[in-house]
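Below is one structure; the comments refer to it alone.
Each chain gets a letter, A, B and so on, in the order the sequences are listed, and its residues count up from 1. Predicted, not measured: the structure shown is a model, and the values here were computed from it.
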Amino acid sequence: MKDSLVVYNTVNRIKEKFEPLNSPFVGMYVCGPTVYSDVHLGNCRTFVSFDLIFRYLLHLGYKVRYVRNITDAGHLEGDRDEGDDKFSKKARLEQVEPMEIVQKYTLGFHEVLTLFNTLPPSIEPTATGHISEQIEMVKEIIDNGFAYVVNGTVYFDVEKYSKENNYTLLTNRNLEDMLNNTRELGGQDEKRGRLDFALWIKAKPEHIMRWPSPWGVGFPGWHIECSAMSNKYLGAQFDIHGGGMDLAATHHTNEIAQSQACNHTNPAKYWMHTNMLTVNGVRMSKSAGNGFLPHELFTGSHPLLKKGYTPMSIRFFMLQAHYRSTLDFSNDALDAAEKGFKRLMNAMVLLKELHPSDRENDINIPELEDRCYTAMNDDFNSPVLIAELFEGVRIINGAYDEKVFLNSEQIDQLKTLMEQFVYEVLGLKDDILKMDEDFDKVMDIVVGLRNEAKENRDYVSSDKIRDSLQKIGIQLKDNKSTTLWLKN
RNA sequence: GGUCGGAUGGCCGAGUGGCUAGGCAGAGGUCUGCAAAACCUUUUACAGCGGUUCGAAUCCGCUUCCGACCUCCA
């Protein structure tokens, strides 16, 4: 199964066989958030996508080191490497220390990702914790002749770099056109070329986050942190580098340039990019102001929402689309996903109640399992996997209703299959049907009373209990011999 | 303007030369004391125009529309 995994590589724009540089070890670096504001749902989609990838690689038996950074310094407000960094600006706005901003939104980020049931990365390094590594890397790039210093700021020389390297590897853009683009360079630009970007930026007097360096007091540029930290924890070359598609053209392009200039290699064998979450067909983004905060979605407090959705319904909604497709966000789509998710979770409960039968049947669980692996091996195609799992749901429901018959071996196979893919690979869990031991016991009593009334043909009483439970979202499911209850 | 990617049924969303994706919604049925759930059956598709092919939603060309990146964003 491991041998047939293919992944889409942005570098060549095709799906390629996944062959780790040093199997069974896999190094994966994913660009994390800039923690100057709340994560919105679009950000979450990327991290849920890479969580799926992480989980599946683990499931296949790879020893994965998953590094995802926290950007807590150096990310500037505007373009052209000028202006405030995002943390200082927000700190001034909220009248706190920049690191209080960092702390607040880092905690928020972790809280949200925990709700989405993502596994924590193996290492989560911060930019501020790796200033010296970044300085070392900048020094090396200067020594190698690909950067220059102007008045305390260090710039990467894209034009020089592109003479020997393909700068537009990820985007396939025409460099000449980019260089000749006549857009205004703006006032007193220190850069030699308009594509040059800052590796280290001189701090203005009012700038709070600052560190000493060989070029004076300053702070690192945005792109260098990922190069320095991936290099430190995964080596000069590793297997997967990922992030949102919006990062490919600038951030990842510059990361490759930095690593080439420093280590003479593209840092990653496979570059993977996740697509955007859209609202009414337009990308969800902070600047567009169409961002949904996870919290607004859970509680339904956003004006565009009719109701709230549980984190797992939303995770399921995201996984029903392929990570490289845009996913459009709407009430109807979420409602549909929520219902489908409940159906899947109900089946997971029934799965535990199945009894083996000796009756002949032609149900082939191993074949279903093969189809599940085929789906995931095809560039982590979770929507197809989910479609296959609904075949499992049909089998489970049929078996529970005693219309389909499974022997004990088949039940075990089905349990393994469903639990591995639903819980382990897709990372779904039951946040709708919250079970609790005491509550279970109480429900047993209630259901017992209701069935007693039913047996005595006291339907007024039995229906009253059933309907009252229905109103608070507990559904009784009668079959021939027993009654099961499920929370909706 | 440049680069790249889209356009699939009422909605979401896979697929990508011949075989039902799937979920939600709709219709009919089975089961049930009645329900619910479940199960079975079923309706509505591949933007338009050409071309290649025995055969195209899938490949090629053109057209229209949409989006992303090119400026901070996952």
Across every strand shown, the nucleotide meeting Watson-Crick or G-U wobble geometry with B/G55 (both distances under 3.5 Å) is none
- Task: Ignoring hydrogens and angles, answer whether the base of B/A35 and the side-chain atoms of A/Asp478 contain a donor-acceptor pair closer than 3.5 Å.
- Result: yes
To the nearest angstrom, the CG-C1' distance between A/Asp467 and B/G33 comes to 14 Å
Closest non-hydrogen contact found for A/Asn9 with A/Glu16 is ND2-OE1, 3.2 Å
Centres of the A/Phe54 and A/Phe47 rings: under 6.0 Å? no
CZ of A/Arg359: more than 12 outside heavy atoms within 6.0 angstrom? no
Q. Should the pair A/Lys307-A/Glu338 be classified as a salt bridge under the 4.0 Å nitrogen-to-oxygen rule?
A. yes
_Counting the atoms with a prime plus P, OP1 and OP2 as sugar-phosphate, which does A/Thr250 contact under 4.0 Å by heavy atoms, base, sugar-phosphate, or nothing?_
sugar-phosphate
query = Salt bridge or not for A/Lys104 and A/Glu94, using N-O below 4.0 Å?
reply = yes
Note to self: Give me the distance, rounded to whole Å, that separates B/G17 from B/U53 when you measure between the C1' atoms they each carry.
What the structure shows: 9 Å
A/Glu455 atom CD is separated from B/U32 atom P, nearest whole Å, by 16 Å
Close N/O contacts between protein and nucleotides 38-42 of chain B (under 3.5 Å):
from	atom 1	to	atom 2	distance (Å)
B/A38	O3'	A/Asn397	ND2	3.0
B/A38	O2'	A/Asp401	OD2	2.6
B/C39	OP1	A/Arg343	NH1	3.4
B/C39	OP1	A/Asn397	ND2	3.1
B/C39	OP2	A/Arg343	NH1	3.0

query = Across the strands shown, which category fits A/Met245 at heavy-atom distances under 4.0 angstrom: base, sugar-phosphate, nothing?
reply = nothing
A/Tyr400 OH to B/A37 P, in whole Å, measures 15 Å
The Watson-Crick or G-U wobble partner of B/G5, with both key distances under 3.5 Å, is B/C66
_Categorize A/Gly243 for me: base, sugar-phosphate, or nothing, with a 4.0 angstrom heavy-atom threshold over every strand shown._
sugar-phosphate
According to a strict under-4.0 Å criterion, is A/Arg450 in side-chain N/O contact with OP1 or OP2 of B/A35? no
When the C1' atoms of B/A27 and B/C66 are compared, how many Å lie between them, rounded to an integer? 34 Å
request  = Between B/A57 and B/A47, how far apart are the C1' atoms? Round to whole Å, please.
outcome  = 11 Å
- [ ] Determine the Euclidean distance between corresponding C1' atoms of B/G26 and B/C11; express it in Å to zero decimal places.
- [x] 12 Å
Q | P gap between B/G5 and B/C59, integer Å | A | 12 Å
Between CD of A/Glu402 and P of B/U32 the distance, given in whole Å, is 13 Å
Rounded to whole Å, the CG-P distance (A/Asn69 to B/A74) equals 10 Å
Quiz item: On a whole-Å scale, what distance lies between the P atoms belonging to B/U8 and B/C4?
Solution: 23 Å
Whole-Å distance, A/Leu476 CG to B/U32 P, equals 18 Å
To the nearest angstrom, the CG-C1' distance between A/Asp38 and B/A74 comes to 15 Å
Checking B/A25, B/A36, B/C34 against the side chain of A/Asp463 (C-beta onward), the nearest is B/C34
Comparing nearest nucleotides in RNA chain B, the 5'-proximal residue of the pair A/Pro33, A/Ala337 is A/Ala337
Practice problem: Using a strict cut-off of less than 4.0 Å between a Lys/Arg side-chain nitrogen and an Asp/Glu carboxylate oxygen, indicate whether A/Lys339 and A/Asp335 qualify as a salt bridge. | Solution: no
If pairing means Watson-Crick or G-U wobble with both distances under 3.5 Å, then the partner of B/C39 is B/G29
A correct 5'-to-3' footprint of nucleotides 6-18 of chain B, with B, S and - meaning base, sugar-phosphate only and no protein heavy atom under 4.0 Å, is -----SSSSS---
Point to revise | P gap between B/G50 and B/G55, integer Å | key: 16 Å
Item to complete: Determine the Euclidean distance between corresponding C1' atoms of B/C46 and B/C12; express it in Å to zero decimal places.
Response: 16 Å
Is the terminal nitrogen or CZ of A/Arg68 (NZ for Lys, CZ for Arg) located under 6.0 angstrom from the six-membered ring centre of A/Phe50 and within 45° of that ring's axis?
no
As its Watson-Crick or G-U partner within any shown strand, both distances under 3.5 Å, B/U20 has none
Which of A/Asn275, A/Asp379, A/Thr274 passes side chain to side chain donor-acceptor pair (under 3.5 Å) with A/Tyr323? Answer is A/Asp379
Regarding the side chain of A/Gln470, the nearest nucleotide among B/A36, B/A68, B/A25 is B/A36
Please confirm whether the ring centroid of A/Phe380 lies under 6.0 Å from the ring centroid of A/Tyr8.
no
Please test A/Phe298 against A/Phe116 for ring-ring contact (aromatic ring centres under 6.0 Å, His included), starting from the C-alpha separation and ending with a verdict.
CA-CA 11 Å; A/Phe298 302 153; A/Phe116 280 124; 5.6 Å; yes
Between A/Phe316 and A/Cys44, the residue closer to the 5' end of RNA chain B by nearest nucleotide is A/Phe316
If pairing means Watson-Crick or G-U wobble with both distances under 3.5 Å, then the partner of B/U71 is none
Residues A/Ile101 and A/Tyr36: closest non-hydrogen pair is CG2-CA, 3.9 Å
* May I ask you to say what A/Thr171 touches in the nucleic acid, namely base, sugar-phosphate or nothing, with a heavy-atom cut-off under 4.0 Å? => sugar-phosphate
(request) May I ask you to say what A/Val282 touches in the nucleic acid, namely base, sugar-phosphate or nothing, with a heavy-atom cut-off under 4.0 Å? (result) sugar-phosphate
Between OH of A/Tyr36 and P of B/C72 the distance, given in whole Å, is 12 Å
Practice item. Check every strand shown and say whether A/Leu344 touches a base, only sugar-phosphate, or nothing at a heavy-atom separation below 4.0 Å. Key: nothing
request  = May I ask you to decide if the ring planes of A/Trp271 and A/His241 are parallel, tilted or perpendicular, using 30° and 60° as cut-offs?
outcome  = parallel
